[in-house]
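Just the heavy atoms: all of them, side chains too, but no hydrogens, waters or symmetry mates, feed the values below.
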Amino acid sequence: MSRSDPVFDPGFEGRVDRWRPDLMAALKRVYDDPEAVADRLLGIARAAYDARPDVLRELDERRLAEPDWFQRSDALGYAAYADRFGGTLKGVGQHVDHLSALGVTYLHLMPLLTPRSSPNDGGYAVADYTTVRDDLGDTDDLRELATTLRDAGISLCIDLVLNHTAREHAWAAAARNGDAEKRGYYLVFPDRHEPDRYEQSLPEVFPDFAPGNFTWDPELDGWVWTTFNDYQWDLNWANPSVLCEFAEILLGHANLGVEVFRLDAIAFLWKRLGTNCQNQPEVHDLTQALRTVARIAAPAVLFKAEAIVGPADLPAYLGTGLHTGKVSDLAYHNSLMVHVWSMLASGESRLASVALQNLPQPPATTSWITYLRCHDDIGWAIDDTDAWRAGVDGFAHRRFLSDWYAGAFPGSWARGLVFQENPATGDRRISGSLASLAGLECEDPGAVDRILLAHAIVLSFGGLPVLWMGDELGLLNDKGWADEPAHATDNRWVHRPRMPWPVPTETHGIRDGLAHLLDVRRGLPHLHAAHATEIWDPRDPAVLLVVRRSSHGPLLAAANVSDRPARVPSDVFHWLGLAAGDLHDHLSGERPRFDRDGIALAPYAAAWLTA
């Protein structure tokens, strides 16, 4: 009997029995005929399971036996563009030793599926989900790289752009040629009546070079929804065929060895008149349906939600209420990233403490992605209510942060670039590398300590920390970012330099300092992502206090975000039940000096304290 014969398999059938109720519950909230959609999806899952290589079925069994593998304190992520890191997929495989030396267990390679020709929004305008960019290799190279990484203990993550395709995608081409079925894959309107109604409540993502949310296409003879750029056509997820198409695409890549899927632009999937068409409840139903199909056919797979949304909307992407534990396994902790930069600019932790306290804990089976930089710009997602509670004017603080990180505020050590300024709202986002934003480019004397402190905050927060390529070396802004014509209008390429091989040996102490932080982190079970993160009210406004509790007792991570000495007062240790004489700082390896006023922290210093 061949692998392709659909025989009874207790693993597969058992997973169908386990997950079908969750699949039906999600589909009933979205589609008129959920049974028919479920049958289609389970057929796709069965076919993918039958084709799944034995080595990946073995991986499924290991992941099912150790479901917390990505939550552990020895888990570390790394993100890069494949061409900027290694030139090609084969080239990436040739530098796995660099990743292994860092302790990387998860590698996110930025968009590598075939995009339209330039412009293509950095690869996020996908023209073919089944093939790899010609300049990077082919699907055999992708399979080979996934195997190489897996053998090194590294899980491969790729982007799956859900909200839109390129105008050149086969579905869009068929729609332009009169295919009514494929036209139904997109949101197309015959005139401006409905688009104008939607526009009344829709924001603009790229107001500088892509104003509005709809584009007239003469071949389509209609207005097509284009949230991002006129060449990125939004998909109609109210059509169940779109869900089925993506289930098949996802499982195909899972069978090549991809273990994690970054669900790009997930917040935008469902459109509802009178709203901003983001974070709608159906987004989470659709994710639950897709996640359930993956759990049935390829349970080693993880979902990561690319939801760069406001603090109030963020927790739902890891599952709340009906969706707890049933949607994405990972989600970006955008708020933490924003508030680390806010603290470094202001030298105060009060606003960050209030904001982070107000975020609910994620389900214990999931994890935040914690990070300082990524491929994107920084948008100052600071909630006005949080700001008010901290005694801060939210609008004024966001303006201050933009000025500071653009280097325009007196005394700023940052060297960033303003991205997508919106005069109507005052919104200004910032591009720039970690090192340049933290002061290394202008040779500020506190830059290295500032950089290592920022890493210490992220690494002690729990979750899965992810390093952006080059941050381990302190790479500065790429001064030649605009030399490539395709990048000239998008200054985010300033923080997307090419990796220098061989890597420089002089990294200002950043690489050694980061290696020490990572080594200490691996030995602290308190930092397992399943443990809750407590943010305590600051006693000294310059000190962020983070508490992690485990069966080993509490861990206090204290970070002085200012350029002046600060203190952790003795009452903090009293309430934690930590006897002063028994304190141990895992970062210094020593017992901190304790007096009646507590312990001192030098400027930009961190301490990870246990009994």
Practice task
Can you tell me which residue pairs pass the salt bridge (charged side-chain N to carboxylate O under 4.0 Å, His left out) test with a partner in residues 353-365, sequence neighbours excluded?
Solution key: none
Completion exercise
So salt bridge (charged side-chain N to carboxylate O under 4.0 Å, His left out) across residues 602-611, not counting sequence neighbours, yields none
Practice task
Establish, for the pair Arg450 and Trp413, whether the NZ or CZ atom is under 6.0 angstrom from the six-membered ring centre and no further than 45 degrees off its axis.
Solution key: yes
Problem - Geometric cation-pi criterion Arg429 and Phe419, 6.0 Å radius, 45° cone - result: no
Handout entry: Leu527 to Leu459 - nearest heavy-atom pair and separation
Key = CD1-O, 3.6 Å
In terms of side-chain heavy atoms, does [X] have a donor or acceptor partner in [Y] at a distance below 3.5 Å?
{"X": "Thr610", "Y": "His526", "answer": "no"}
{"X": "Asn491", "Y": "Ser431", "answer": "yes"}
{"X": "His495", "Y": "Asp377", "answer": "no"}
{"X": "Asp313", "Y": "Asn279", "answer": "yes"}
{"X": "Tyr106", "Y": "Lys304", "answer": "yes"}
{"X": "Tyr332", "Y": "Arg262", "answer": "yes"}
{"X": "Ser155", "Y": "Arg63", "answer": "yes"}
{"X": "Glu472", "Y": "Tyr78", "answer": "yes"}

Exercise for the section: For the residue pair Val354 and Asp386, establish whether any side-chain heavy-atom pair is separated by less than 4.5 Å. Expected result: yes
Exercise for the section: Check whether any side-chain heavy atom of Leu330 lies under 4.5 Å from a side-chain heavy atom of Leu464, and answer yes or no. Expected result: yes
Problem - Whether Glu259 side chain and Ala300 backbone form a donor-acceptor pair below 3.5 Å - result: no
Exercise for the section: Without swapping roles, check the side chain of Gln71 against the backbone of Trp69 for a donor-acceptor pair under 3.5 Å. Expected result: no
Practice task
Check the pair His531, Ser550 against side-chain contact (heavy atoms from CB on, under 4.5 Å), reporting the backbone distance first and the verdict last.
Solution key: CA-CA 7 Å; His531 299 316; Ser550 76; 3.5 Å; yes
Practice task
Please determine which of Arg350, Arg564, Arg567 meets the salt bridge (charged side-chain N to carboxylate O under 4.0 Å, His left out) test together with Asp540.
Solution key: Arg564
Problem - Reference residue Arg398; test salt bridge (charged side-chain N to carboxylate O under 4.0 Å, His left out); the match among Asp384, Asp427, Asp393, Asp403 - result: Asp384
Practice task
Decide yes or no on salt bridge (Lys or Arg N to Asp or Glu O under 4.0 Å) for Arg548 and Glu534, but give the supporting numbers first.
Solution key: CA-CA 6 Å; Arg548 307 277 302 174; Glu534 301 173 21; over 6 Å; no
Exercise for the section: Please identify each residue that fulfils ring pair (Phe, Tyr, Trp, His ring centres under 6.0 Å) with Phe268, with sequence neighbours left out. Expected result: Phe228
Practice task
Test Ser433 against Leu475 for side-chain contact (heavy atoms from CB on, under 4.5 Å), laying out the working first.
Solution key: CA-CA 7 Å; Ser433 75; Leu475 293 189; 5.8 Å; no
